[in-house]
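Structure first, then comments.
Just so you know, these numbers use all the heavy atoms, side chains as well, and skip hydrogens, waters and symmetry mates. Here, residue 1 is the first one in the sequence, and each next residue gets the next number.
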Amino acid sequence: MMNGMRVLVAEDERDLAALLATGLRRAGFAVDTVHAGDAALERLAVDAYDVLVLDRDLPRLHGDDVARRLVAAGSPTRILMLTASSAVEDRVDGLDLGADDYLGKPFDFPELVSRVRALRRRSARPALPPLLVRDGLVMDTVRRTAVRDGRDLDLSPKEFSVLQLLLEADGAVVSAEELLERAWDAHADPFTGAVRVCMSKLRAKLGEPGLIRTVQGVGYLL
């Protein structure tokens, strides 16, 4: 599967879960939320996620057990564990369970975003360079900037994600279904034309000569 930016937030405090999801979406990730440990495992069994932001004290199935089961199943999803405890032994316990990173509450949101990005770069998928370049288009995936022939494209987070996926495909066709899976959350309606609308906006911002090509009935490519 191609690189994407998909995150599952498992947090029982619904207001905090909504806040985390909103902030991560603004940072360019496709985000889904669940509020219990068993719900997290159910979602992970159906959809592929790059990172799981996992509250340790989840109802119905404790976050520790979620981490144990994912590790035992050989899941490629990276785990960022959240907890209200700042004790060193708790942090060590969480990492020993198989979490890839550990963050105590309260935390600064930019640090959370930075840690999620770092975990994505450490995923089992092939590493990609921070700069993606093609036909005068330069995308910096770390600073999240995109320019064409020196002109700032001023992309929305969704437009940035879609363009990044096209650049990462390196000339291969990417289907609308793949774009929906990697750049939109699980509640996206595949019949809304969201991908088509996003492509139209991207083409307008990229300008001439056109870079994005539609392969009828197959998908899109750069």
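- Residue pairs meeting the side-chain hydrogen bond (donor to acceptor under 3.5 Å, both in side chains) criterion with at least one partner in residues 10-21, sequence neighbours excluded, are E11-K105, R14-H35.
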F160 vs T145, test: side-chain contact (heavy atoms from CB on, under 4.5 Å). Steps then yes/no. CA-CA 8 Å; F160 189 97; T145 59; 5.6 Å; no

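- A salt bridge is absent between E159 and K201; no separation between the charged side-chain nitrogens and carboxylate oxygens falls under 4.0 Å.
- Within the 4.5 Å cutoff, the side chain of E178 has no heavy atoms near those of the L165 side chain.
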Please tabulate, one pair per line, all N/O donor-acceptor pairs under 3.5 Å involving side-chain atoms of residues 208-215, not counting sequence neighbours.
unit_1	atom_1	unit_2	atom_2	d
E208	OE1	G210	N	3.2
T214	OG1	R203	NH2	2.6

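- Remark: side-chain polar atoms of R25 are paired, donor with acceptor, to backbone N or O of V31 under 3.5 angstrom.
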Starting from the C-alpha separation in whole Å, work towards a yes-or-no answer on side-chain contact (heavy atoms from CB on, under 4.5 Å) for L52 and R43. CA-CA 11 Å; L52 168 64; R43 184 60 64 83; over 6 Å; no

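- More than 12 heavy atoms of other residues, nucleotides or ligands lie within 6.0 Å of CG in D152, so this atom counts as buried by the packing criterion.
- Taking the side chain as every heavy atom from C-beta outward, D50 and R78 never approach each other to under 4.5 Å.
- Between A146 and L155 the shortest heavy-atom distance is CB-CD1, 3.8 Å.
- Note on Y102: it does not cluster hydrophobically with V71, by side-chain heavy-atom contacts below 4.5 Å among ILVMFWY residues.
- To the nearest 0.5 Å, atom CG of residue L112 and atom CG of residue D101 are 9.5 Å apart.
- Counting only heavy atoms from C-beta outward, the side chains of L20 and L82 approach each other to under 4.5 Å.
- Judged by distance alone, with hydrogens and angles left aside, the side-chain atoms of D100 form a donor-acceptor pair with the main-chain N or O of I79 at under 3.5 Å.
- Between R134 and L166 there is no side-chain heavy-atom pair separated by less than 4.5 Å.
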Run L137 and L153 through side-chain contact (heavy atoms from CB on, under 4.5 Å) and show every step you take. CA-CA 10 Å; L137 177 62; L153 297 178; 3.5 Å; yes

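- Atom CZ of R148 has more than 12 heavy atoms from other residues, nucleotides or ligands within 6.0 Å.
- The OG1 atom of T33 sits 12.0 Å away from the CG atom of L19 when rounded to the nearest 0.5 Å.
- With T22 contributing its side chain and A18 its backbone, the two residues share a donor-acceptor pair below 3.5 Å.
- Counting heavy atoms from C-beta outward, R68 and H62 have side chains that stay 4.5 Å or more apart.
- Across all their heavy atoms, R117 and F29 have their closest contact at CG-CZ, 3.6 Å.
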Determine, step by step, whether L222 and L163 satisfy the side-chain contact (heavy atoms from CB on, under 4.5 Å) criterion, reporting the C-alpha distance in whole Å, the side-chain angles of both residues, the deciding distance to 0.1 Å, and the verdict. CA-CA 9 Å; L222 273 176; L163 185 58; 4.0 Å; yes

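- Side-chain atoms of S161 come within 3.5 Å of backbone N or O of G28 as a donor-acceptor pair.
- Neither V46 nor Y49 shares a network with the other; the hydrophobic side chains, linked directly or stepwise wherever heavy atoms of I, L, V, M, F, W or Y lie under 4.5 Å apart, form separate groups for each.
- No donor-acceptor pair under 3.5 Å is formed between the side chain of R182 and the backbone N or O of V162.
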